[in-house]
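Have a look at the structure below, then the notes.
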Amino acid sequence: MNNRTKFALVDCNNFYASCERVFEPKLEGRPIVVLSNNDGCIIARSNEAKALGIKMGVPYFKLKNLITQNGVVVKSSNYPLYGDMSSRVMKVIGEYSPVQEVYSIDESFIDLMRLPLNLMDHMHSLRRRVKSWTGIPVCVGVGSTKVLAKLANRIAKKYPRFDGVFDIDDLSYERYCKLLKSVEVGDLWGIGRQSAKKLNRIGIHTSHDFYQSDVGVIETLLGVNGKKIYKELYGSSCIPIEAIPPARQQIVSSRSFGCDLKDFDELNQALTNLTRKAVNKLNNHQLATTTITVFIYTNPHKKDKPCFHLSKTVGMTTAIQDQSQIIPLVAQILRLIYKPGHSFYKGGLVLGNLTKNYQQQDLFSITQNSQIQTMARQKSNTIRSVNKRFNESIKYASELGNNRWLPRADFKSNRYTTSWTELLVI
DNA sequence: TCTGGGGTCCTAGGACCC
DNA sequence: TCTGGGGTCCTAGGACCC
């Protein structure tokens with residue numbers, strides 16, 4: 001292994017389940033599952049739940065019996081809580097290296113090059129501090145590439161004797177090969193189900209088979225990404241750490257509805273709410289959009305009914321960022337794709353082709369009245385600041401209605417850290 | 001009855017240009 | 001009979017991640 005690069009992957013253990021435990025310590029030692037939006041699928045499990053054989057991504061309703069029989073604690077997902085806990089964890093991790101990439105809500109890569117200290121001590125200290133300052137348990141995988149750090153993290157999680165920190169570069173060649181033989185190729189970071197299937201077809205089953213193959217074969221089969229993963233297994237770093245997140249390309253806002261919707265106004269009510277969320281995100285990032293996609297889907301799991309994926313993308317000559325422009329536009333697009341008589345179970349929108357929101361004027365626009373534009377700008381700024389202070393109290397009329405579309409969340413915990421009315425009571 | 005959401009990147013193919 | 005080569009841009013779909 002070379003020593004030109006050194007990375008750690010810090011990964012929270014069963015993150016969502018652990019967040020729930022921080023504020024409900026009596027759940028310690030008990031099996032917990034966290035459900036996706038609309039209480040649909042199981043998206044997080046504590047170790048005890050994993051031990052019961054509960055798999056990731058399984059629909060909740062299929063496991064209801066197993067869950068009640070075994071006293072499994074069920075939680076609806078609580079993203080305000082998880083997001084806030086995540087930023088606390090990331091902040092602590094950031095104190096352990098000058099270069100940090102926040103890779104996902106529960107994972108962070110850090111660059112360990114040129115740190116003048118004992119790396120293992122440093123990582124054990126990180127682990128202890130995250131746990132003691134946030135309550136969240138993490139494991140640390142260390143390696144000379146990101147793919148290796150990921151692999152190392154697996155080992156750190158799997159074998160308690162490493163006390164949550166494992167450096168894969170410490171292995172001898174023989175032990176490294178033995179490790180690769182024990183990991184299925186589809187478990188490598190970047191090799192998904194489809195690629196694993198292709199590899200299996202030519203006799204590559206374990207990571208060691210992959211490691212021993214010809215790089216040309218891998219590139220032909222999987223493209224440049226496969227080649228990168230291959231080289232990273234040999235310790236050659238091809239996937240750099242991204243300390244500065246790349247500019248966002250699109251903003252998606254979609255939901256499965258609490259119940260199937262047929263009525264246009266009900267769909268429009270849901271879409272208006274989702275649009276407002278998307279526009280808030282757009283404004284928070286100070287971005288503007290020039291393409292809007294609206295989509296509504298019927299339920300593909302209902303085999304007795306035809307399945308519709310209705311969608312339409314509209315492009316604009318001028319980038320827009322104002323909810324008073326985007327919300328009516330979404331309603332217009334919805335009107336174009338809507339078909340009466342069908343039951344839609346899910347819908348949403350994509351704001352695409354995002355740009356920095358400085359005002360690029362359209363040379364041919366007929367609304368080039370600067371006074372009108374200034375007033376519109378003032379209005380939207382006012383609405384935004386009122387909504388920020390008074391909890392989204394100004395809404396479009398199209399958003400008001402029977403709220404039948406609202407996703408189910410029957411097992412929600414409090415937003416302990418982001419809402420004054422939901423603080424932990426002792 | 002009940003099946004998540006939000007991202008990115010790559011590739012193939014079509015349309016178009018000279 | 002013989003029917004080029006090189007390039008860009010866009011879009012849709014597939015694959016991957018958490």
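Both backbone and side-chain heavy atoms feed into the values below; hydrogens, waters and symmetry mates do not. Residue numbers start from 1 in every chain, and the chains themselves are labelled A, B, ... in the order their sequence lines are given, proteins ahead of strands. Being a predicted model, the structure only gives us computed values, none of them experimental.
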Whole angstrom value for the distance that separates C1' of B:dT11 from CG of A:Leu221: 15 Å

Candidate nucleotides C:dC18, B:dG7, C:dA15, ranked by approach to the side chain of A:Asp106 - the nearest: C:dC18

Phosphate OP1/OP2 of B:dC2 contacted by A:Lys302 side-chain N/O (<4.0 Å): yes

Sugar-phosphate only, base, or nothing, as touched by A:Asn37 at under 4.0 Å among non-hydrogen atoms: sugar-phosphate

From B:dC2, B:dG5, C:dC18, nucleotide with atom closest to A:Lys64 side chain: B:dC2

Sidechain N-carboxylate O distance under 4.0 Å for A:Asp260, A:Lys302: yes

Partner nucleotide of B:dC18 by Watson-Crick or wobble geometry (both distances under 3.5 Å): C:dG5

Closest to the A:Arg408 side chain, choosing from B:dG5, B:dC9, B:dC2: B:dC2

OP1 or OP2 of C:dC17 under 4.0 Å from side-chain N/O of A:Lys150: no

Whole-Å gap separating P (C:dG14) and NZ (A:Lys197): 13 Å

Phosphate OP1/OP2 of C:dC16 contacted by A:Ser195 side-chain N/O (<4.0 Å): yes

Proximal nucleotide (of B:dT8, B:dG5, B:dG4) relative to the A:Gln249 side chain: B:dT8

Atom pair distance, as rounded to whole Å: OH in A:Tyr60 and P in B:dC2: 15 Å

For atom NZ of A:Lys198 and atom C1' of B:dC10, their distance in whole Å: 11 Å

Note: A:Lys181-A:Asp209 ion pair, threshold 4.0 Å (strictly below): no

Closest-nucleotide ordering on DNA chain B, the 5'-leading residue of A:Val252 and A:His301: A:His301

Salt bridge A:Lys228-A:Glu219, side-chain N to carboxylate O under 4.0 Å: no

Nearest-Å distance for atom pair NZ/P, residues A:Lys228 and B:dT8: 16 Å

Distance, rounded to the nearest Å, where A:Leu35 contributes CG and B:dG5 contributes C1': 14 Å

Sugar-phosphate, base or nothing in reach of A:Lys277, heavy atoms under 4.0 Å: nothing

Nearest to side-chain heavy atoms of A:Lys62, which nucleotide of C:dC16, B:dT3, B:dG4: B:dT3

Spacing of A:Gln250 atom CD relative to C:dT11 atom P, expressed in whole Å: 13 Å

Electrostatic pair A:Glu232:A:Lys146 at N-O distance under 4.0 angstrom: no

Touch class at under 4.0 angstrom, heavy-atom based, for A:Ser253 against every strand present: sugar-phosphate

Side-chain N,O (A:Arg248) to OP1/OP2 (B:dG6) below 4.0 Å: no

Which nucleotide in B:dG4, C:dC18, B:dG7 has an atom nearest any side-chain atom of A:Tyr345: B:dG4

Pairing of A:Glu24 and A:Lys75 as salt bridge, 4.0 angstrom limit: yes

Single hit among A:Phe7, A:Tyr103, A:Tyr96 for ring-ring contact (aromatic ring centres under 6.0 Å, His included) with A:Phe109: A:Tyr103

Interatomic distance, A:Asn353 CG vs B:dG7 P [rounded to whole Å]: 15 Å

Pairwise P distance, C:dC18 and B:dT3 [rounded to whole Å]: 25 Å

Ion pair A:Glu48/A:Arg30, N-O distance below 4.0 Å: no

Touch class at under 4.0 angstrom, heavy-atom based, for A:Ile229 against every strand present: nothing

Any A:Lys55 side-chain nitrogen or oxygen under 4.0 Å from OP1 or OP2 of B:dT3: no

Contact under 4.0 Å: A:Ser254 side-chain N or O vs B:dG4 OP1/OP2: no

Which nucleotide in B:dG4, C:dC16, B:dT3 has an atom nearest any side-chain atom of A:Phe61: B:dT3

Per A:Asn225 side chain, nearest of listed nucleotides B:dT3, B:dC10, B:dG4: B:dC10

